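Note that the coordinates shown come from a computational prediction; the quantities given were computed from them, not determined experimentally. Within every chain, numbering begins at 1; the chains are lettered A, B, ... in the order of the sequence lines, protein sequences first and strands thereafter.
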2 protein chains.
Amino acid sequence: MVENSLSKIQQHLASLDEKAREAIENATHIKKYQKNEYLLQAGEICKSGFQIVSGVARKFYLNDGKEITTELFFTDDIAVSLESYTLQQPSKEFIQAIEPCTVSVTNYQAFQELKQKHKGLLELDLLMTEYYALWLEARLFQFHTMDATQRYMLLLKQQPHFVQQIPLTYLASYLGISLETLSRIRARI
Amino acid sequence: MVENSLSKIQQHLASLDEKAREAIENATHIKKYQKNEYLLQAGEICKSGFQIVSGVARKFYLNDGKEITTELFFTDDIAVSLESYTLQQPSKEFIQAIEPCTVSVTNYQAFQELKQKHKGLLELDLLMTEYYALWLEARLFQFHTMDATQRYMLLLKQQPHFVQQIPLTYLASYLGISLETLSRIRARI
DNA sequence: AGTGGAATTTGATATAAGTCAAATAATCTT
DNA sequence: AAGATTATTTGACTTATATCAAATTCCACT
């Protein structure tokens with residue numbers, strides 16, 4: 001269960017020593033984004049981690065001209081393009097505010113250095129990466145075993161706020177379903 | 001590119017200090033498995049990491065009675081059920097030798113303790129988890145954007161040894177294609 | 001080498017989901 | 001509020017892939 005992993009992160013966060021927490025704070029600043037503005041564009045190197053304070057954002061890439069939404073971010077979620085962030089190479093993905101966002105932006109380089117000083121932060125990074133990998137496994141499971149209707153129903157059950165707050169086009173893309181099919185699925189329920 | 005991440009791991013491995021390497025070795029033993037034998041069964045807690053020395057293995061779960069193969073392991077690959085390993089809870093997945101295997105088995109608990117003593121091992125764990133997450137992202141991309149034929153062709157190009165060494169049933173399941181359809185795809189090429 | 005069982009292929013059919021096109025409905029703008 | 005844009009729904013049709021069933025091919029074992 002991905003939730004167990006999340007609670008491990010929260011426990012770890014609670015037990016972080018004061019110095020480490022302060023150090024991160026110094027490498028972090030708040031930034032606001034308008035609707036449709038990009039936190040990261042393809043081609044840029046992802047030099048920050050973005051934690052959503054308020055608003056909604058999405059991550060997507062272009063696949064022969066079509067946008068494929070891969071992740072949706074709400075309050076407290078952390079958004080990065082993993083490949084670009086970890087390897088510090090140009091991103092294939094965009095991160096975009098789909099509602100006006102307030103974001104807590106932590107510098108990559110500074111965080112790297114802090115991880116050397118504070119073992120707790122290195123552990124935190126590991127826990128967060130494990131959490132993301134478990135989330136990816138769960139998502140892969142859905143693509144591997146569920147049809148379009150089942151994927152939508154599960155989303156409705158597990159993340160009802162997605163359905164309320166996200167335009168259908170993005171939802172469809174996120175679920176790997178065409179816009180029209182998703183519309184029909186909704187009509188049928 | 002997942003390869004860049006792999007080379008980062010290898011570099012890190014090369015620069016690990018002697019003590020850390022020795023310590024891991026002490027927490028590790030070699031074990032042999034016959035064809036079809038399980039390295040891990042669903043319901044068990046994954047108390048070891050399994051590195052393949054020789055042979056071939058697969059990871060799968062049961063989804064209403066059907067086996068879904070999620071990963072295939074060759075020489076040097078590391079096999080764990082991530083959820084069970086990281087959270088030390090009963091596994092939903094099986095890991096099974098599909099050819100006779102020699103495996104380097106590292107105890108979870110010992111590795112956890114060593115990560116506390118040797119920062120290099122903690123870093124290594126992070127790098128390996130990042131690598132796995134990037135691999136999962138790439139796989140998700142394939143399910144998200146490619147049809148059955150494209151997925152098979154990509155596998156053929158990137159992992160030709162899979163196609164030689166893995167029974168079609170497992171390959172089909174791994175690719176999320178029915179056995180019959182995969183057979184037809186192959187006939188068509 | 002011959003036989004039993006598994007793996008793979010081939011055939012016929014059903015169905016989920018995509019695509020293209022048009023019609024509504026919702027929303028934003030001035 | 002009216003028009004303009006954008007988002008969503010509905011319709012008609014096509015296509016990829018699953019399913020069920022049978023035939024064949026491939027191997028392992030005595």
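Rounded to whole Å, the distance from NZ on A:Lys35 to P on C:dC28 is 6 Å. Look at CZ on A:Arg188: it is 11 Å from P on D:dT10, rounded to the nearest Å. As rounded to whole Å, 11 Å separates atom P of C:dT8 from atom OH of B:Tyr152. The interatomic distance linking A:Arg151 (CZ) with C:dA16 (C1') rounds to 11 Å, in whole Å. Between A:Phe143 atom CZ and C:dA16 atom P there is a gap of 19 Å when expressed in whole angstrom units. Atom pair A:Ile68:CD1 and C:dG18:P shows a separation of 11 Å (rounding to whole Å applied). Counting to the nearest Å, the P atom of C:dT24 and the CG atom of A:Leu179 are 18 Å from each other. Taking atom CD of A:Glu180 as the reference point, atom P of D:dT10 lies 13 Å away to the nearest angstrom.
Comparing atom distances between the B:Ser183 side chain and each of D:dT8, C:dA17, C:dT9 picks out C:dT9 as nearest. Among D:dT10, D:dT17, D:dT8, the nucleotide with an atom closest to any side-chain atom of B:Thr181 is D:dT17. For A:Ala187, the listed nucleotide lying nearest its side chain is D:dT10; candidates were C:dA17, D:dT10, C:dT8. In the set D:dT19, D:dA16, C:dG18, the nucleotide with an atom closest to the side chain of B:Asp147 is D:dA16. The side chain of A:Thr169 lies closest to D:dT8 when the candidates are D:dT19, C:dT8, D:dT8.
Judged by distance alone, the side chain of A:Glu113 and the main-chain N or O of A:Ala110 form no donor-acceptor pair under 3.5 Å. A:Gln88 places a side-chain N or O within donor-acceptor distance of the main-chain N or O of A:Tyr85, the cut-off being under 3.5 Å.
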Test salt bridge (charged side-chain N to carboxylate O under 4.0 Å, His left out) applied to B:Glu67 and B:Arg58, step by step: CA-CA 11 Å; B:Glu67 297 181 353; B:Arg58 69 174 179 133; 2.8 Å; yes
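Under 4.0 angstrom from either OP1 or OP2 of C:dG18 there lies at least one side-chain N or O belonging to A:Ser178. Residue A:Arg186 places at least one side-chain N or O closer than 4.0 Å to OP1 or OP2 of D:dT9.
Remark: the A:Arg184 side chain and the C:dT19 base include a donor-acceptor N/O pair separated by less than 3.5 Å.
A parallel orientation is assigned to the rings of B:Phe60 and B:Phe94, their planes being inclined by less than 30° (bins at 30° and 60°).
For B:Gly176 and A:Pro167, each mapped to the nucleotide of DNA chain D holding its nearest heavy atom, the one lying further toward the 5' end belongs to A:Pro167.
Considering only heavy atoms from C-beta on, B:Tyr33 stays 4.5 Å or farther from B:Gln96 through its side chain.
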